[in-house]
Amino acid sequence: MKKLPRSFYLQPTLVVAKKLLGKYFVRKIGDEILTGKIVEVEAYLGENDPASHAYRGKTKRNEVMFMNGGHLYVYFTYGMHFCANIVTEDAGKGRAVLIRAVEPLTGIELMKKNRKRIFTEHSLINLTNGPAKFCQAFGIEREQNGTDLLGDEICLTDGVDIPPSKIVATTRIGIKNGKEKKWRFYIKGNPLVSKK
DNA sequence: CGACCGATTGACT
DNA sequence: GTCAATCGGTCGG
């Protein structure tokens, strides 16, 4: 599986968001390799987007969003959860794509261990079908904020091709401002897409 | 400095 | 369906 080059992340954010569907998110923890196929994302367009953390400019919290594309922006919210974003475009833009859900492929036992909830049955639905669940399963916390996705710890690789007819565009979840924009994308019919 | 609230989740009526 | 958990960022006084 080929690692995505820097140039992939420097494309326009909405293009990257759609192309991220079907790509593999790879996270190395010691000898274990966790892999998940990205099935749901949301785009946040920096200074033009009132829902984005970068809307009011660069701060200590969101400075990673203003690095050049191909870095990981991790933020803490609701006093207990982490969410992970893929930074896009050139430095200074403050744009990123939130990973909302992935389909577990490898390292599933470790993902289960990382999640507090106990998974008895065959169903893996609740393992990674939400932005904070995905972070928990993949062990992504404050420490991973700013990680370069061209390094060894975390990277993205070519996954499977998703034809445009399988991509659904709809409004984003859990925000108040800018909620009319259809900047949430997911793979049609995939059972791991988060619901609401 | 204090009040409010969030790119959420899971437990409970 | 409702709601608490839990804390750091942001905004108003």
Side-chain angles (χ1 to χ4, degrees), chain A residues 9 12-14 16-18 20-21 25 36 38-67 69 71-89 93-104 111-121 123-147 149 154 156 167-187 190-196:
Chain A
Y9 303 102
T13 303
L14 292 175
V16 176
K18 279 181 260 197
L20 279 174
L21 297 176
F25 187 100
I38 298 172
V39 301
E40 180 184 2
V41 298
E42 283 178 9
Y44 286 86
L45 299 210
E47 71 278 2
N48 300 315
D49 179 6
S52 171
H53 290 165
Y55 184 52
R56 290 177 179 79
K58 185 169 163 180
T59 66
K60 183 148 194 184
R61 178 200 197 192
N62 66 23
E63 61 184 354
V64 171
M65 286 185 89
F66 288 85
M67 303 207 286
H71 289 84
L72 197 70
Y73 168 52
V74 180
Y75 69 88
F76 184 61
T77 190
Y78 291 105
M80 66 185 81
H81 294 303
F82 294 96
C83 297
N85 298 248
I86 310 293
V87 177
T88 58
E89 304 192 37
K93 291 283 173 69
R95 302 187 175 191
V97 178
L98 171 72
I99 309 290
R100 287 197 58 88
V102 306
E103 182 179 316
M111 290 187 202
K112 289 182 179 175
K113 212 172 119 191
N114 287 340
R115 298 267 290 133
K116 286 160 191 164
R117 185 167 170 173
I118 296 153
F119 288 84
T120 48
E121 356 67 37
S123 170
L124 297 174
I125 293 290
N126 283 307
L127 199 52
T128 54
N129 67 337
K133 296 179 190 177
F134 156 70
C135 281
Q136 217 179 86
F138 278 70
I140 294 170
E141 303 185 2
R142 217 180 303 275
E143 193 182 315
Q144 274 62 239
N145 189 34
T147 302
L149 298 177
I154 300 172
L156 272 67
I167 298 178
V168 181
T170 182
T171 54
R172 292 173 292 178
I173 289 176
I175 56 169
K176 283 182 176 165
N177 303 314
K179 58 167 174 272
E180 74 284 356
K181 303 291 187 188
K182 295 192 171 178
W183 289 343
R184 173 177 176 237
F185 305 98
Y186 63 87
I187 299 176
N190 189 293
L192 279 112
V193 171
S194 70
K195 30 194 160 272
K196 266 275 154 77

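Chain naming here is simple, since letters A, B, ... match the order of the sequence lines and numbering starts at 1 in each.
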Write down the distance between [atom1] ([X]) and [atom2] ([N]), rounded to a whole number of angstrom.
{"X": "A/Arg115", "N": "B/dA11", "atom1": "CZ", "atom2": "P", "value": "10 Å"}
{"X": "A/Glu40", "N": "B/dA7", "atom1": "CD", "atom2": "C1'", "value": "11 Å"}
{"X": "A/Arg100", "N": "B/dT8", "atom1": "CZ", "atom2": "C1'", "value": "9 Å"}
{"X": "A/Lys133", "N": "B/dA7", "atom1": "NZ", "atom2": "P", "value": "18 Å"}
{"X": "A/Tyr75", "N": "B/dC5", "atom1": "OH", "atom2": "C1'", "value": "14 Å"}
{"X": "A/Gln136", "N": "B/dG10", "atom1": "CD", "atom2": "C1'", "value": "11 Å"}

Subject >> Contacts of A/Tyr44 that satisfy side chain to side chain donor-acceptor pair (under 3.5 Å) - sequence neighbours left out >> reply: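 For A/Tyr44 the side chain to side chain donor-acceptor pair (under 3.5 Å) partners, ignoring immediate neighbours, are A/Glu42.
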Subject >> Set of side chain to side chain donor-acceptor pair (under 3.5 Å) partners for A/Asn114, sequence neighbours left out >> reply: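 Partners of A/Asn114 under the side chain to side chain donor-acceptor pair (under 3.5 Å) test: none.
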With heavy-atom distances below 4.5 Å as the criterion, would you say the side chains of [X] and [Y] are in contact?
{"X": "A/Ile154", "Y": "A/Leu149", "answer": "yes"}
{"X": "A/Leu20", "Y": "A/Phe25", "answer": "no"}
{"X": "A/Glu143", "Y": "A/Val74", "answer": "no"}
{"X": "A/Leu72", "Y": "A/Ile86", "answer": "yes"}

**OP:** Select base, sugar-phosphate, or nothing to describe what A/Ala132 touches, counting heavy atoms under 4.0 Å on all strands.
**Re:**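 Counting heavy atoms under 4.0 Å across all strands, the contact made by A/Ala132 is with sugar-phosphate only.
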Original post:
Touch check for A/Leu98, heavy atoms < 4.0 angstrom, all strands: base, sugar-phosphate only, or nothing?
Top reply: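 Base: the residue A/Leu98, judged by heavy atoms under 4.0 Å, touches a nucleobase.
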**OP:** Identify which nucleotide among B/dG6, B/dA7, B/dG10 has an atom closest to any side-chain atom of A/Lys176, counting heavy atoms from C-beta outward.
**Re:**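 The answer is B/dG6.
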Subject >> Pairs flagged by salt bridge (charged side-chain N to carboxylate O under 4.0 Å, His left out) wherever residues 167-187 of chain A is involved - sequence neighbours left out >> reply: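 Every salt bridge (charged side-chain N to carboxylate O under 4.0 Å, His left out) pair that includes a residue of residues 167-187 of chain A, provided the two are not neighbours, is A/Glu40-A/Arg184, A/Asp49-A/Arg172.
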What's touching nucleotides 5-12 of chain C from the protein side, N or O pairs under 3.5 Å?
| residue | atom | partner | partner atom | Å |
| --- | --- | --- | --- | --- |
| C/dT6 | O2 | A/Tyr78 | O | 2.5 |
| C/dC11 | OP1 | A/Arg56 | NE | 2.5 |

Original post:
Can any side-chain N or O of A/Asn62 pair as donor or acceptor with the backbone N or O of A/His53 at less than 3.5 Å?
Top reply: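 At least one qualifying donor-acceptor pair exists.
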Original post:
Stems in DNA chain B: runs of 3 or more consecutive Watson-Crick or G-U pairs, distances under 3.5 Å?
Top reply: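 Ordered by first number, the stems with DNA chain B (at least 3 consecutive pairs each) read B:1-6 with C:7-12, B:8-12 with C:1-5.
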Original post:
If the C1' atom of C/dC3 is compared with that of B/dC5, how far apart are they to the nearest Å?
Top reply: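 Those two atoms are separated by 15 Å.
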Subject >> Partners passing ring pair (Phe, Tyr, Trp, His ring centres under 6.0 Å) against A/Tyr9 (at least two apart in sequence or in another chain) >> reply: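 Partners of A/Tyr9 under the ring pair (Phe, Tyr, Trp, His ring centres under 6.0 Å) test: none.
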